[in-house]
Amino acid sequence: MGTENAADVIIVGGGIAGLAAAYALTKKGKSVVLLERGTSCGSKNMTGGRIYTPALRELLGTAVLREAPLERRVVKEQLSIVHGNSSTTLDYMDESAEKENFESCTILRSVFDKWLAGKAEEMGAMIITGTQADHLIEKDGRITGVYAAGEELLADVVIAADGIHSFIAHQAGLKQDIQCSGVGIGVKEVITLSEDIINNRFSLQKGEGAAHLFLGVTPGINGGGFLYTNTDSISLGMVVNPRELSMQEKTIHELFREFKASRSISPLIAQGKTAEYSAHLVHEMGFTGVPRTICRNGLLIVGDAAGFVINMGTTIRGMDLAVWSGIAAAEAIVAAPSPAEISKQYTKRIHERILPLMKRYKRYPQLLAIPRVFTEYPDAANQIMHAVFAIDGHRVPPKLTKKMWHILRHSVGIKHLISDSWEAIRSL
């Protein structure tokens with residue numbers, strides 16, 4: 001670092017990716033200045049839900065991870081397929097999940113990000129809140145710093161961790177304008193309930209959590225709902241395609257109110273009080289949404305800014321990929337023999353760790369883009385369940401296989417059933 005530099009590294013954005021990079025860098029002795037436009041890290045972040053913990057364990061180590069304000073370890077997975085007044089719910093419980101090596105947990109980012117920022121500061125990072133980076137500084141084709149609050153801050157490397165909108169990545173020419181087809185618009189509400197009520201209502205023991213996804217709750221629109229149990233609250237939300245939403249008469253807030261009032265949800269949140277509510281954009285494109293170039297000389301982009309999100313329908317991964325990208329950025333900066341080699345080191349790590357995983361699931365967005373997944377198939381699933389359990393006392397019912405085929409043929413259609421099955425096979 002030159003004597004005129006503010007730090008070895010400047011990080012723009014105090015979300016989980018930027019904080020992971022700051023923690024990993026300061027742990028290796030690098031000086032870091034992190035700029036966060038909110039009043040504190042996490043103050044502008046209502047994003048929450050579930051995080052897969054191997055990435056956190058790699059970043060923090062098991063001892064520090066035990067101190068983290070994680071809400072509940074997920075032991076129960078639920079998927080409800082809803083159509084009209086009927087629903088079918090799949091329920092999976094993994095009671096063998098070890099407390100020390102749990103794979104995922106629920107999290108409130110406003111709480112967790114503030115804690116992780118404190119840990120990064122303990123390691124030596126300088127976190128400046130209430131400050132926005134206004135513009136990149138470029139010299140001879142190399143990014144050398146940022147302008148912030150009217151001052152010039154210089155560093156060997158700038159890390160863009162400023163989220164899905166990432167104006168830093170836009171300024172650097174690494175990212176194009178967001179397209180409606182590539183994002184979902186989501187709303188989320190945090191509803192407070194006592195720990196005992198949550199445990200009883202979801203059949204959980206102390207510290208155990210549930211993740212519940214809902215299909216078919218966004219009539220005529222590609223999307224779905226989710227519910228995650230926290231220690232003494234519930235994170236409830238909905239994500240829909242903005243282009244399809246614009247062609248409907250209802251707003252997402254109206255759809256969400258109907259979702260809350262449905263038989264699938266209202267008993268679960270009864271007696272609860274709203275603590276937080278917000279709307280935000282989420283990446284939906286997966287592998288194809290990652291910029292072709294994720295760095296420039298002197299600049300790396302991480303987390304949501306780089307589009308590192310996987311949506312498999314039943315599982316959504318973004319926070320753990322954000323942590324891993326922050327670790328990869330830190331490792332690249334430490335390992336590079338010179339600043340000019342950092343981009344090469346970072347690209348190598350992303351191609352080794354994150355992109356192969358995203359490529360594995362690259363066809364899921366096409367599968368989830370089939371409108372019938374959110375309309376005809378939930379209808380067919382619930383008709384089949386009705387055929388399984390309904391009794392007609394006046395006549396001999398047809399064979400169940402014949403009835404199922406009749407339902408699928410008339411609800412979905414043979415042509416669509418074949419083409420959709422082929423797309424599902426290719427995706428899975």
Side-chain angles (χ1 to χ4, degrees), residues 49-50 52 77 79-83 88 90 164 175-186 211 213-226 237-248 252 255 280-294 303-322 325 350-351 353-381 408-409 411-428:
R50 156 190 269 182
Y52 291 86
E77 309 276 0
L79 173 64
S80 288
I81 303 170
V82 181
H83 183 79
T88 299
L90 303 175
I164 186 171
K175 197 171 183 178
Q176 303 301 314
D177 291 337
I178 294 175
Q179 302 296 316
C180 283
S181 59
V183 296
I185 181 170
L213 299 181
F214 298 84
L215 184 66
V217 295
T218 55
I221 306 173
N222 286 21
F226 61 84
M238 173 181 282
V239 178
V240 299
N241 180 281
R243 178 174 294 171
E244 294 181 15
L245 178 66
S246 67
M247 295 184 286
Q248 302 291 320
I252 188 171
L255 288 175
H280 58 96
L281 295 180
V282 294
H283 280 291
E284 293 282 290
M285 293 183 67
F287 180 76
T288 59
V290 177
R292 181 168 296 182
T293 305
I294 54 175
D304 264 359
F308 295 146
V309 179
I310 301 172
N311 182 359
M312 294 178 280
T314 55
T315 303
I316 300 171
R317 298 180 61 179
M319 286 185 274
D320 64 322
L321 300 187
S325 66
I350 294 299
H351 278 267
R353 168 169 287 184
I354 294 178
L355 292 188
L357 178 64
M358 297 188 69
K359 189 174 182 179
R360 168 63 184 82
Y361 301 107
K362 71 177 182 178
R363 294 199 64 86
Y364 275 73
Q366 290 96 309
L367 178 63
L368 295 175
I370 298 173
R372 291 175 293 280
V373 170
F374 306 94
T375 51
E376 284 94 333
Y377 284 108
D379 180 24
L408 288 170
R409 188 177 63 186
S411 295
V412 180
I414 297 174
K415 180 180 177 181
H416 288 152
L417 186 61
I418 293 172
S419 63
D420 296 344
S421 297
W422 175 239
E423 184 60 49
I425 291 170
R426 296 172 71 192
S427 300
L428 301 175

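Side chains are part of it too, since the values below use all heavy atoms of this structure and drop only hydrogens, waters and symmetry mates.
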Measure across [X] and [Y] and return the closest heavy-atom pair with its distance rounded to 0.1 Å.
X: Q248; Y: I221; value: CG-CD1, 3.4 Å
X: V373; Y: L367; value: CG2-O, 3.6 Å
X: I252; Y: M238; value: CD1-O, 4.3 Å
X: I354; Y: L321; value: CD1-O, 3.7 Å
X: H83; Y: D379; value: CD2-OD1, 3.4 Å

Output the distance between atom [atom1] ([X]) and atom [atom2] ([Y]), rounded to the nearest 0.5 Å.
X: T288; Y: R363; atom1: OG1; atom2: CZ; value: 10.5 Å
X: L90; Y: I81; atom1: CG; atom2: CD1; value: 5.5 Å
X: L213; Y: I316; atom1: CG; atom2: CD1; value: 6.5 Å
X: R360; Y: S427; atom1: CZ; atom2: OG; value: 9.0 Å
X: R426; Y: Q366; atom1: CZ; atom2: CD; value: 8.0 Å

Q: Report yes if the side chains of T315 and Y52 come closer than 4.5 Å at any heavy-atom pair, otherwise no.
A: yes
Q. Would you call D420 and E423 a side-chain contact if the rule is heavy atoms closer than 4.5 Å?
A. no
Q: Taking atom types as modelled, find out whether Y361 and N311 have a side-chain donor-acceptor pair closer than 3.5 angstrom.
A: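 Not at all, the side chains of Y361 and N311 share no donor-acceptor pair under 3.5 Å.
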**Q.** Residue among V282, L245, N241 satisfying side chain to side chain contact (heavy atoms under 4.5 Å, CB included) with I185
**A.** L245
